[in-house]
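Note sheet for the following structure.
Here is the naming used below: chain letters follow the sequence lines, and residue numbers restart at 1 for every chain.
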Protein chains: 2
Amino acid sequence: MKKGKEVTIYDIASELKISVATVSRALKDDPVVSKKTKKKIFELAEKMGYRTNHFARSLRTQETNTIGFMIHELNSNFANSVLLGVEKVTTEAGYDLIIAHSSESYDKEVANARNLFNKRVDGLIASLSFDTKQYDHFKQFKDKGVPVIFFDRVEKGNDNTVVVIDNYKAGYDATQHLIDQGCRRVAHITSNLNRNVYAERYRGYKDALADNGLDRDENLVLVDNLSEKAGIDSAHKLLKQKRKFDGAFITNDFVAAAFIKTLKENGIKVPEDVAVVGFNNDAIAHLIEPSLTTINYPGIEMGEIAARTLINHIKGVSNLQQLNTLIINSDLIVRESSQKKKKGKV
Amino acid sequence: MKKGKEVTIYDIASELKISVATVSRALKDDPVVSKKTKKKIFELAEKMGYRTNHFARSLRTQETNTIGFMIHELNSNFANSVLLGVEKVTTEAGYDLIIAHSSESYDKEVANARNLFNKRVDGLIASLSFDTKQYDHFKQFKDKGVPVIFFDRVEKGNDNTVVVIDNYKAGYDATQHLIDQGCRRVAHITSNLNRNVYAERYRGYKDALADNGLDRDENLVLVDNLSEKAGIDSAHKLLKQKRKFDGAFITNDFVAAAFIKTLKENGIKVPEDVAVVGFNNDAIAHLIEPSLTTINYPGIEMGEIAARTLINHIKGVSNLQQLNTLIINSDLIVRESSQKKKKGKV
DNA sequence: CTGAAAGCGCTAACAT
DNA sequence: ATGTTAGCGCTTTCAG
């Protein structure tokens, strides 16, 4: 950027003895320009090493061709899957992506929102951090007419467009499956219940127990931070309780892996003594022993859908106002860790 | 961006009855502007909801404040760690990051390079894809004076600045460790030997064998694509060979996990029958059983160093020409999967 | 189908 | 310490 002169449309125009307007039009493939002049222009542009100046263009058009991606953290399989999906779609559509992650901090999330706002993204795809309870920092986008799509961790009870899975159903199915396997005291290890995803899964868990006439024991519900340590600690806590538990629905595969490992180290057999269901279907799920029953959470798909929906809205192909909630399929994948009854490999 | 008028420095200037130049200077915190006027300007800017127009600025200054990040793929732990490190540093320094991944394809890599070049990134951080054998697509950056730093998969034999670990040493240490544990026939599962990382690890492997007076059997060296399937297939291939093997140095933890799982399914004990060393120290390494001995490959650190070095160069604090190779520490982490002799948990 | 010219918002000489 | 002004490269009316 510093050395050497950049070729501009003026250089091309004067070389070809035509006007910059024509060059500008030709470069955008405007049908109003004749094939002949277009050809000349393209060839010379290529030859001279011309590259469009996106700043000049954005300055003029007031469009940035940039999409902001706000995520609670960047170091999980799920987060990366979503990013992968988003990146795929935005790249294909010719948009740049600015990534900002909050490390689960509300303050950082606010700062990121401000930054992306100042960078004038054309649209925003966001997942909330753990402790976000206020949503004023998204208002500036709405005020300016910048579309926002939430995914996974979404702001509930508002007219936002959100892309989610049916977390209630997933929680219900996971718990029901454990009950079907003969579990009567099912623990639930989850995270901040202010976030829709965990709240909904918890609700599914509770309803499944109730629907099967099982008592619920709040001592079996542990809220932690989805770290590996959380899995280890939770296992220890549950093992210390007098009343035994025979199943666990854990809202994250990594936590589940650490949990199972800890159980095994303490002589508890999985699934014989305790059946376990995880969440996400991370790659780790089928590599540990026993392989982990889990809920498939298709991050790539979620990212693709969020990005595609946003871009369609930006381009005016569709309208976000018309749709509020996009629900992506998620399924229970049964592997060894939960099969008390019919044992089998997957 | 579309609705509502944006506030510009002209609005602030006319409101305050001063010149735009002063406003511009004040906003950049230029010491030449008096404290008093600065204060007035900041307050009004805040009140009016002013936000700098980065396009106008970039158009003027010819600086984009953007850094390009080219990576071979985005779906590995290592890749994400590097991204995390890069993102941290660039964000702190006020740079935007444009991410482009090649999915291990040379053609895509070329296209990405072109795109980032056209977007006029101020600098580039890149890791090469599998089959990249030609490097012309990086020439355009050098010609324009845009600094490029390679990491991990680097272009060798050139005067590029590269950030790497000592792959030779890592390969040597891993192999030596297996030999120390009593292994005599050590397999090596690796990937495309055109890439420096795998070539160097292989060289370390060979030298360690030689230095210990062990024969090398090329049938024990398998080149594959780092997929999970590669781990499974490799295990089957090795098991089919008449001559037994008693150790394996595998250039990727995920492959190693699948490899070990396959061995176990075939009644082979790890580490008793076959000792295994992986590479990367992914989270999975200590969650599988037996826990996996591996080489710690600090991706976050690598990303941070690459980004910091690049930015220092851009800002003129230091000069890339002066340094060619930055080597990051990596160590062997001994866990259960390799300990034939003294068993112990980690 | 092509051209002339204004202007997007900012910065940096060059004045004062 | 502050002001004037040209110009970064592009798009887009408006005219022809």
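Both tests do not hold together for R57(B) against F55(A): distance to the six-membered ring centre under 6.0 Å, angle to the ring axis within 45°.
Side-chain N/O atoms of Y50(A) include one lying less than 4.0 angstrom from OP1 or OP2 on dC10(D). Taking 4.0 angstrom as the limit, T52(B) places none of its side-chain polar atoms (N or O) nearer than this to OP1 or OP2 of dG9(C). Remark: Q62(B) is not in phosphate contact with dT11(C), judged by side-chain N or O atoms under 4.0 Å from OP1 or OP2. Dashed line: the shortest gap from a side-chain N or O of S58(A) to OP1 or OP2 of dC8(C) is not under 4.0 Å. OP1 and OP2 of dT2(D) both lie 4.0 Å or more from every side-chain N or O belonging to T22(B).
Between the CG atom of N112(A) and the OG atom of S105(A) there is a distance of 8.5 Å, given to the nearest 0.5 Å. Taking CG of L83(A) as the start and NE2 of H101(B) as the end, the distance is 8.5 Å to the nearest 0.5 Å.
Under the 3.5 Å distance criterion, the side-chain polar atoms of E73(B) are matched with a main-chain donor or acceptor of N75(B).
Ion pairing of R195(A) with E104(A) is absent here, as no side-chain N (NZ or NE/NH1/NH2) approaches a carboxylate O to less than 4.0 Å.
Nearest nucleotide to the side chain of N53(B), out of dC10(C), dT2(C), dA1(D): dC10(C).
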Do any N or O atoms of the protein come closer than 3.5 Å to N or O atoms of nucleotides 12-16 of chain C, and which pairs are they?
from: dA12(C); atom 1: OP2; to: K28(B); atom 2: NZ; distance (Å): 3.1
from: dA12(C); atom 1: O4'; to: R60(B); atom 2: NH2; distance (Å): 3.4
from: dA13(C); atom 1: N6; to: R25(B); atom 2: NH2; distance (Å): 3.2

Inset, instruction - Go through the steps for K142(A) and N160(A) under the test side chain to side chain donor-acceptor pair (under 3.5 Å), then give the verdict. - result: CA-CA 10 Å; K142(A) 290 170 195 166; N160(A) 296 303; 2.9 Å; yes
